[in-house]
A.B. asks: 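Would you mind keeping the following structure in view while I ask a few things?
Because the structure is predicted, anything quoted here is derived from the model rather than measured. Residue numbers begin at 1 in each chain, while the letters A, B, ... track the order of the sequences.
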There are 2 protein chains.
Amino acid sequence: MEVQTSQNTADKIKAVSLSLFARKGFEGTSLAEIASRVGIKKPSLYAHFKNKEDIFLAVIDKVMADYIAYFETVANKLVNRQAEEKLFILLKENTDYLRDEELGLIWKRMMLFPHETLKEKLKEKFLASEEKMTGTILAILKELKEDGIIQENTEEVLDAYYCLMDGTFEQVFYYPEIEHKRRLQHSWQVFWKGIKR
Amino acid sequence: MEVQTSQNTADKIKAVSLSLFARKGFEGTSLAEIASRVGIKKPSLYAHFKNKEDIFLAVIDKVMADYIAYFETVANKLVNRQAEEKLFILLKENTDYLRDEELGLIWKRMMLFPHETLKEKLKEKFLASEEKMTGTILAILKELKEDGIIQENTEEVLDAYYCLMDGTFEQVFYYPEIEHKRRLQHSWQVFWKGIKR
DNA sequence: CATCACCTTCCTAACGGTCGTTAGTCAACT
DNA sequence: AGTTGACTAACGACCGTTAGGAAGGTGATG
């Protein structure tokens with residue numbers, strides 16, 4: 001077993017495309033630019049992918065798979081922690097991961113402005129990761145409730161937690177890391193005070 | 001004085017362009033489609049605007065002006081209200097306004113994915129409205145603090161409020177109005193419990 | 001009042017450029 | 001021998017934009 005230090009062309013195309021799609025969107029990115037950055041000619045792309053949309057979907061699949069894999073490692077981090085910590089770690093790690101500029105950008109773009117013809121294909125892909133997330137959160141909330149740490153109204157708490165998560169997610173893009181960290185800390189403190197019994 | 005029931009061509013172009021730019025973005029929108037929806041031929045657009053970018057900027061100017069005007073009316077609604085209500089109304093009205101699909105979409109697009117060559121021009125335009133907002137919020141928080149209703153740490157409260165606002169703003173686009181209303185209500189309740197003394 | 005120049009707003013035609021895509025070829029590797 | 005992955009050339013479609021002209025209205029001048 002050895003470390004894979006070089007990428008094959010298809011992977012290089014995906015990597016370059018991720019970067020461009022993230023920064024310029026689907027229509028803002030041209031195959032010419034992708035090919036140029038990979039170091040091949042435009043028609044050579046068709047040796048690896050059916051068409052532009054196919055490249056995009058391959059990129060999205062990779063983004064999704066990476067995100068889910070990351071979420072798994074975070075979930076593993078949670079065992080043997082206090083439930084309060086679990087909630088906070090989940091929030092923090094999520095924004096930390098999406099802070100990676102390209103990942104966060106393309107994620108945001110897909111969710112908010114899906115390309116018209118790809119809208120449905122994208123929505124499908126999101127459901128899996130979202131369900132997983134909700135399951136994990138609900139398990140933690142149940143734990144907290146049974147220990148009598150938080151108030152009974154789970155639905156209220158869940159809604160507020162998702163709002164907190166969406167807010168901090170959005171702010172990742174406005175503010176530099178230091179400032180974002182402060183905002184996250186403050187928002188979390190208010191949230192926690194708000195749900196504690 | 002009479003009600004203006006018909007628009008001139010320039011206004012029609014702006015209205016049509018707003019809708020298209022919102023849904024498809026700057027590069028995703030073609031002059032051909034704009035012209036077609038207005039009911040004229042593509043080159044006729046140049047009788048009213050210098051070029052595509054000029055149309056976009058005219059649209060943005062209108063969006064900004066409308067938003068600021070709306071904010072004024074909301075601010076007027078706030079007088080003679082309890083400070084707690086003020087905070088909530090500000091939050092609610094903001095999302096209600098941006099719920100209008102096209103307005104919300106183009107607003108979001110501009111903030112998150114400004115077209116590369118227009119980035120700086122757009123950033124300028126945002127500063128005015130953002131400062132106004134922060135000023136209004138801080139005045140309310142000061143009021144609440146002097147009355148001993150909320151905790152002393154204004155920075156923490158302000159950060160949490162903005163997170164709440166960004167979160168509800170983001171969720172406007174995911175969820176139907178009824179569900180969003182419930183989420184807003186729940187998030188607000190947790191927030192308010194979290195900042196109360 | 002009639003004429004004239006001018007401006008606005010629309011048109012058709014066409015420009016050069018870029019887009020995504022295909023055809024056909026060729027060398028290298030399996 | 002067959003497959004892979006690169007190439008050159010070129011396709012038609014569409015892009016934003018410009019040129020040039022027709023029609024209508026406005027306002028000044030005789």
A.B. asks: Please give, in whole Å, the distance from D:dC15 C1' to A:Glu27 CD?
C.D. replies: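 Rounding to the nearest Å, CD of A:Glu27 and C1' of D:dC15 are 13 Å apart.
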
A.B. asks: Grab the CD1-P distance between A:Ile55 and C:dT21 for me, whole Å please.
C.D. replies: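 To the nearest whole Å, that distance equals 8 Å.
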
A.B. asks: Got a donor-acceptor contact below 3.5 angstrom from the B:Ser36 side chain to the B:Ala32 backbone?
C.D. replies: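 Side chain of B:Ser36 to backbone of B:Ala32: no pair is present.
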
A.B. asks: Round to a whole Å and report the spacing from CD1 of B:Ile13 to C1' of C:dT8.
C.D. replies: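 So the CD1-C1' distance, B:Ile13 to C:dT8, works out to 13 Å.
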
A.B. asks: Could you tell me the separation between the NE2 atom of B:His48 and the P atom of C:dC11, rounded to a whole number of Å?
C.D. replies: 9 Å

A.B. asks: Can you measure A:Tyr46 atom OH to C:dT22 atom P for me and round it to whole angstrom units?
C.D. replies: 6 Å

A.B. asks: Under 4.0 Å, counting only non-hydrogen atoms across every strand here, what does B:Ser44 touch: a base, just sugar-phosphate, or nothing?
C.D. replies: base

A.B. asks: Taking the side chain as C-beta and beyond, is there a heavy-atom pair between A:Tyr161 and A:Leu141 under 4.5 Å?
C.D. replies: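 Result no, sub-4.5 Å side-chain heavy-atom pair not found.
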
A.B. asks: Sequence neighbours left out, cut at 3.5 Å: what donor-acceptor pairs do the side chains of residues 52-63 of chain B make with other protein atoms?
C.D. replies:
unit_1	atom_1	unit_2	atom_2	d
B:Lys52	NZ	B:Phe26	O	2.9
B:Lys52	NZ	B:Thr29	O	2.7
B:Glu53	OE2	B:Lys121	NZ	3.4
B:Asp54	OD2	B:Lys50	N	2.9
B:Asp61	OD1	B:Lys125	NZ	2.5
B:Lys62	NZ	B:Asp66	OD2	3.0

A.B. asks: Look at the side chain of A:Ser30 and decide which nucleotide, out of D:dG16, C:dG20, D:dT8, has an atom nearest to it.
C.D. replies: C:dG20

A.B. asks: Would you say the side-chain atoms of B:Arg109 pair up with the backbone N or O of B:Ala22, donor to acceptor, closer than 3.5 Å?
C.D. replies: yes

A.B. asks: Between P on C:dG20 and CZ on A:Phe56, what's the gap in Å once rounded to a whole number?
C.D. replies: 14 Å

A.B. asks: Whole Å only: how far is the NE2 atom of A:His115 from the P atom of C:dC19?
C.D. replies: 15 Å

